[in-house]
Amino acid sequence: MLRFAPSPTGDMHIGNLRVALFNYILSVQREEPLLIRIEDTDQERNIPGKEKEIFEILALFGIEYQEQQFQSNNVRFHRAMALQLLQDKKAFNCFCAPETLEQKREAAKESKTAYRYDGACENLPAEAVIDNENPFTIRLKKPEHPITVIDIIKGESTFAPDDIDSFILMRADKFPTYNFACAVDDMLADVSLIIRGEDHLSNTPKQMAIHQALGYTKKIEYAHLPIILDNEGKKMSKRDDASSVKWLLEEGYLPEAISNYLILMGNKVPNEIFSLKEAVKWFDLKTLSKAPTRFDIDKLKFINREHLKGMDPKELSRYVGFADEEIGQLAKVFLEEAGTLKELRAKTGAIFAPKNVPDAFKEGYETLRDLTLKAPHFDDFDAYRDYLAKNSALSGDNFFKPLRILLTGAEHGPELGEIYTHIKNYIKEVVK
RNA sequence: GGCCCCAUCAUCUAAUGGUUAGGAUUCCAGAUUUUCAUUCUGGCCAUAGGGGUUCGAAUCCCCUUGGGGUCACCA
C-alpha cells in the first residue's frame, strides 16, 4: 500500500502534486494500491471544500487511487493506541502549561541551544497524575537508542534520542498530533513505502519511534523528495503564484505538461518530453537528485509548448474557446510566440476582436480593410497580397504593418501567409 | 544556534577513476524570411576553496565555505 496524505488547509501546492504523482507512479509500478488520506485532524485549520479540490486535481492529472479515507474518522484508533502506550509505560501524561513550555523554548532560543522537553512530567507518581485536574497532553518517552532512517533517495541518516525528544502524541483536546495520527494510520493501512517531501525527514524517526513503542516491526521504505525552491533559492511558499497548481492551470499550463515538468525537475530522464504513462515505464526514485531544485517557469513553458504542439487541433481549438479544427491549426501557428493556453487565447482572440490601430497606420488600415471587403475570395495569400498591393499603392512597412494589424490585431507575429491559410474562410468577419 | 541533508554553466542535468567536461532551457550574435517573430547556424557560461589517496580525481576521504530542511498541543 502506498499513500498520499494531503491536509485540506490550503491550495494544492506543486510540491504536493509532485508527491502525489510519484506515489501514483510507484503504486502502478509495484502493483500496489494507492490510498488518499485527507489529514483533517486540525479542526481550526481545515478549510471546508478543500478536500474536494484535492480530489478534482488528482482526477485532472490522471492520478488514480484505490482507497480514500479521512483521518478524522480514525481518531478512535489513535486514542486506543495512546491508551495502550500509557499502560505500557511507553508514554506519559504531561501537565505542563503551554505558556510554561513557551517560556522554556524562549529561554533555549536566547541561550542559543536547542530546546528539548525537560522531562518534568515523565516520572510523576501515580497520585500526582490522578489528582491533577489540569488539562494534559500525552507524550511518548524518547527512545533509548538512536534511530537510523534508510531513505531511497537520501541514504542513511541517524538521529539521536535527544533529537527525537519526548514529543506530544495526543493534544489536550484529545486529538492526535500529526506524527501520531500519521504513524498509526500508516501502520493500520499496512503502508509499505512512504514518499513525501524532505520537510518530513525529521518526522520520520519520530514516527518510527511510535512504531517501535507499539511493537510494530514491519519495515517501511521511505523516500524523501528534495524540496522545490523559488527563483531566489528559498523554499517555495504559498506566496509564489507558480507554486499553486490552480494558478498554473489558470495561466494555461496543461496538466500533462505540469506533470512532465514535475517529473523532469531534479531528475535524470531518457528524454525531455513525455507523458505520465511513459514515465511509469522508466521512472526510478533512485535517479532523483539529492539536492533541492529550483522551479524554472521558462522550462515549464518550453515543455508546455511542446505538449501544445503535439495536441490534436480540434481539442486545442476547444481550449482556446472555439470548436473548429481550422482555429486549432491557427493556434498552432501562434505557438511560435506563445507558450500557454492563456497566451494563445489572447492571440487568436485578437484576430476576431475589433482592432486597435495606431494613428500612423490608420489610413493604410482603412484602405486595406475596404479593399478586402470588396475583394473576391483568394485561396492563396500571395494572390491576396498582390491584389491589395496593386490596388492600394502602399508598400513596405506602410503596407505590411497595417495589413498585419488588419488580419491579426497585432504589430508582430508569425508569417502572414501561414495565418491567412487558416482564416481565409472567415476573412470578411476578421476585417469587419 | 542544535540536528539532518546537499554542492558540475544563470537554471535543470550527463560524464558510475582516464572526455577538448556533453545536452536542454534562458540569453546573445549571424543567416534566412519584402517588417517583427519563427526557423537555422553559431556563441557566452560550470566541476565552490584547500588538503589528501592515486600513474591519473568532477568522480574516493578529510577540512573550510556556501546552500537547503527542521527544531509547535500545524500538517
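These numbers were taken from a predicted model, which means no experiment stands behind them. Proteins get letters first, then strands, A, B, ... in listed order; numbering begins at 1 in each.
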Any side-chain N or O of A:Ser111 under 4.0 Å from OP1/OP2 of B:G1?
no
Using a 4.0 Å heavy-atom cut-off across all strands, classify A:Glu156 as base, sugar-phosphate, or nothing.
sugar-phosphate
Scan for side-chain hydrogen bond (donor to acceptor under 3.5 Å, both in side chains) pairs involving residues 67-84 of chain A, sequence neighbours excluded, and state none if there are none.
A:Glu39-A:Gln71, A:Asp40-A:Ser72, A:Gln69-A:Asn74, A:Gln71-A:Asp185, A:Asn74-A:Asp185, A:His78-A:Asp185
Over how many whole Å does the gap from A:Asp284 atom CG to B:U13 atom P extend?
15 Å
I need the CD1-P distance between A:Ile273 and B:C12, as an integer number of Å.
18 Å
Nearest-angstrom distance from the residue atom CD1 of A:Ile164 to P of B:C4:
11 Å
Tell me which nucleotide, if any, is Watson-Crick or G-U wobble paired with B:A37 when both distances must be under 3.5 Å.
none
Report the distance from atom CD1 of A:Ile228 to atom C1' of B:C12, rounded to the nearest whole Å.
13 Å
Treat primed atoms plus P, OP1 and OP2 as sugar-phosphate and everything else as base, then score nucleotides 69-75 of chain B 5' to 3': B for base contact with protein heavy atoms under 4.0 Å, S for sugar-phosphate contact only, - for none.
SS-BBBB
When you compare the side chain of A:Lys342 with that of A:Tyr253, does any pair of heavy atoms fall below 4.5 Å?
no
Nearest-angstrom distance, P atom, B:C9 to B:G49:
11 Å
For B:G18 and B:A58, measure between their P atoms and round to the nearest Å.
10 Å
With rounding to whole Å, what would you report as the distance between B:C62 and B:C6 at their P atoms?
12 Å
Integer angstrom distance from the P of B:G66 to that of B:A24:
35 Å
Round to the nearest Å and state the distance from A:Lys268 atom NZ to B:U13 atom C1'.
10 Å
Figure out the CG/P separation between A:Leu262 and B:C12, and round it to whole Å.
15 Å
Those residues at least two apart in sequence (or on a different chain) that pass ring pair (Phe, Tyr, Trp, His ring centres under 6.0 Å) with A:His13 are none
Determine which pairs satisfy ring pair (Phe, Tyr, Trp, His ring centres under 6.0 Å) with at least one residue from residues 159-191 of chain A, sequence neighbours left out, and list them in order.
A:Tyr178-A:His200
Under 6.0 Å between ring centres, would you say that holds for A:Phe283 and A:Phe22?
yes
Mind checking side-chain contact (heavy atoms from CB on, under 4.5 Å) for A:Lys268 and listing every partner two or more places apart, or none if nothing turns up?
A:Thr287
Classify every nucleotide of nucleotides 21-37 of chain B by which part a protein heavy atom approaches to under 4.0 Å, writing B for the base, S for the sugar-phosphate alone and - for neither, in 5'-to-3' order.
---BSS------SBBBB
Check this for me: A:Asp131, atom CG, are more than 12 non-hydrogen atoms of other residues, nucleotides or ligands nearer than 6.0 Å?
yes
Starting at CG of A:Asn260 and ending at C1' of B:C12, how long is that distance when rounded to a whole Å?
13 Å
For atom CG of A:Asp163 and atom P of B:G1, their distance in whole Å
16 Å
Which residue lies more 5' along RNA chain B, comparing A:Gly266 with A:Ser157 via nearest heavy atoms
A:Ser157
B:G52 versus B:U59 - spacing of their C1' atoms, nearest Å
15 Å
Rounding to an integer number of angstrom, what distance separates B:G2 and B:U25 when you compare their P atoms?
43 Å
Could you name each residue pair satisfying side-chain hydrogen bond (donor to acceptor under 3.5 Å, both in side chains) that touches residues 407-423 of chain A, not counting sequence neighbours?
A:Glu326-A:His422
Can you pull out every ring pair (Phe, Tyr, Trp, His ring centres under 6.0 Å) where at least one residue sits in residues 219-246 of chain A? Sequence neighbours excluded, please.
none
If we only count heavy atoms from C-beta on, is the A:Cys94 to A:Ile168 side-chain gap below 4.5 Å?
no
Checking base pairs now: Watson-Crick or wobble, both atom distances under 3.5 Å. What partners B:G2?
B:U70
Taking distance alone, no hydrogens or angles, what donor-acceptor pairs closer than 3.5 Å link side-chain atoms of residues 138-146 of chain A to residues at least two apart or in another chain?
from     : atom 1 : to       : atom 2 : distance (Å)
A:Arg139 : NH1    : A:Ser166 : O      : 2.8
A:Lys141 : NZ     : A:Lys89  : O      : 3.2
A:Lys142 : NZ     : A:Asp162 : OD1    : 2.8

Between B:A46 and B:U39, how far is it from one P atom to the other, in whole Å?
27 Å
Assuming nearest nucleotide by heavy-atom distance, tell me which of A:Arg294 and A:Lys290 is located more 5' along RNA chain B.
A:Lys290
P spacing across the pair B:U32 / B:G50, given as an integer number of angstrom:
47 Å
